[in-house]
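Given the structure is predicted, the values throughout are model-derived calculations rather than measurements. Both counts, for ligands and for their atoms, begin at 1 and track the order of listing.
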Amino acid sequence: MATVHSLAAVALLAILCSHGTLASDADLLQDFCVVDKTSQGRLHANGFPCKDAKDVIADDFFFSGLHMAGNTTNKQGSNVTNVNVAQVPGLNTMGISLARVDYASNGLNTPHTHPRATEILTVLEGSLYVGFVTSNPESKLFAKVLNKGDVFVFPQGLIHFQFNHGTSNAVALVALSSQNPGVITVGNAVFGSKPSILDGILAKAFQVDKNIIDRIQAQF
Ligand SMILES: *[C@@H]1O[C@H](CO)[C@@H](O)[C@H](O)[C@H]1NC(C)=O
Ligand SMILES: *[C@@H]1O[C@H](CO)[C@@H](O)[C@H](O)[C@H]1NC(C)=O
């Protein structure tokens, strides 16, 4: 009897997995659902409403420019060039997207999370120190130095970062399991929200004086 039950459990799990229940975006019900930009604001959907298929063109599935480096002359020394549903309307409902990340020497893609996607990163140039932290109560850091050709995975929703510890520029190509992965940058969310979170609340959360919080908030 126990065997029958465990077989049934395995079969159920297989069905759930094959139907994408554990994936981040829903299964497709048609070949594609290219974003209809004209209906935005009038029609609300979980994702974007679709264009009439007869109006869809090849360029709806096209993007050009990932050969070009983003400008890394900024405080963090990094730049993300996104290729998601905002840039490629044909990605709507496809559950996948891309980004190019450029890093100056000492450049950092600051700790952030993608609420809707797992990320897989490939180093194209240079060397990166990367990592992610698991959820409570362990909060365990998994970190590694990556070189050209190396690949690393950042599981969905977990806070992660990439740092170019090398003396030359670094470039990575990342793929994400959502057409609209979203980004929550920890520093911006906690210290740069609009309006600000009360400094007394952050002082208690981080166990420091309010003036330290005020100084950090002033950076955002
Ligand atoms: C990233 O690079 C692009 C292209 O050079 C530039 O327009 C954009 O301002 C840069 N973003 C940041 C945050 O520096
Ligand atoms: C990169 O950004 C910096 C700061 O905004 C700007 O001064 C510089 O001209 C930009 N470089 C290029 C190549 O666009």
A.B. asks: Can we call the ring centroids of Phe32 and Phe61 under 6.0 Å apart?
C.D. replies: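 Judged by ring-centre distance (under 6.0 Å), Phe32 and Phe61 do meet the cut-off.
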A.B. asks: In this structure, is the centre-to-centre distance between the rings of Phe132 and His160 below 6.0 Å?
C.D. replies: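 Between Phe132 and His160, which both carry aromatic rings, the centre distance is not below 6.0 Å.
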A.B. asks: If the cut-off is 4.0 Å to any non-hydrogen atom of Asn71, which atoms of ligand 2 fall inside it?
C.D. replies: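 Heavy-atom distances to Asn71 below 4.0 Å select 1 (C), 2 (O), 3 (C), 8 (C), 10 (C), 11 (N), 12 (C), 14 (O).
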A.B. asks: Short N/O distance, under 3.5 Å, between Ser78 and ligand 1?
C.D. replies: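 No; the residue has no nitrogen or oxygen that sits under 3.5 Å from a nitrogen or oxygen of the ligand.
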A.B. asks: Please check if a non-hydrogen protein atom sits closer than 4.0 Å to atom 11 (N) of ligand 1.
C.D. replies: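 Given the 4.0 Å cut-off, atom 11 (N) of ligand 1 counts as touching protein heavy atoms.
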A.B. asks: Counting non-hydrogen protein atoms only, what is the nearest one to atom 13 (C) of ligand 1? Give residue, atom name and distance.
C.D. replies: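 For atom 13 (C) of ligand 1, the nearest protein heavy atom comes out as Asn74 ND2, 3.8 Å.
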A.B. asks: Have a look at Phe154 and tell me which of Val174, Val130, Leu176, Ile120 forms a side-chain contact (heavy atoms from CB on, under 4.5 Å) with it.
C.D. replies: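 With Phe154 as partner, Val174, Val130, Leu176, Ile120 yield a single side-chain contact (heavy atoms from CB on, under 4.5 Å), made by Val130.
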A.B. asks: Are Phe206 and Phe191 close enough that their ring centres sit under 6.0 Å apart?
C.D. replies: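 For Phe206 and Phe191, the ring centres are under 6.0 Å apart.
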A.B. asks: Would you say atom 7 (O) of ligand 2 touches the protein, meaning some protein heavy atom is under 4.0 Å from it?
C.D. replies: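 No.
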A.B. asks: Answer with yes or no after comparing the ring centroid distance for Phe161 and Phe163 against a 6.0 Å cut-off, counting only values under it.
C.D. replies: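 Centroid distance Phe161-Phe163: not below 6.0 Å, so no.
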A.B. asks: Report the nearest protein non-hydrogen atom to atom 4 (C) of ligand 2: residue, atom name, distance rounded to 0.1 Å.
C.D. replies: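 Result for atom 4 (C) of ligand 2: Thr73 O, 3.7 Å.
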A.B. asks: Among all residues two or more places apart in sequence or in another chain, which pass the side-chain contact (heavy atoms from CB on, under 4.5 Å) test with Val80?
C.D. replies: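 With neighbours one apart ignored, the set is Asn82, Ala99, Val101, Asn109.
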A.B. asks: Can you name the atoms of ligand 1, numbered from 1 with element, that are less than 4.0 Å from a heavy atom of Gly70?
C.D. replies: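 Listed by number with element: 2 (O).
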A.B. asks: Taking non-hydrogen atoms only, is Asn79 closer than 4.0 angstrom to ligand 1 via side chain, backbone, both or neither?
C.D. replies: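 Under 4.0 Å from ligand 1, Asn79 contributes side-chain atoms alone.
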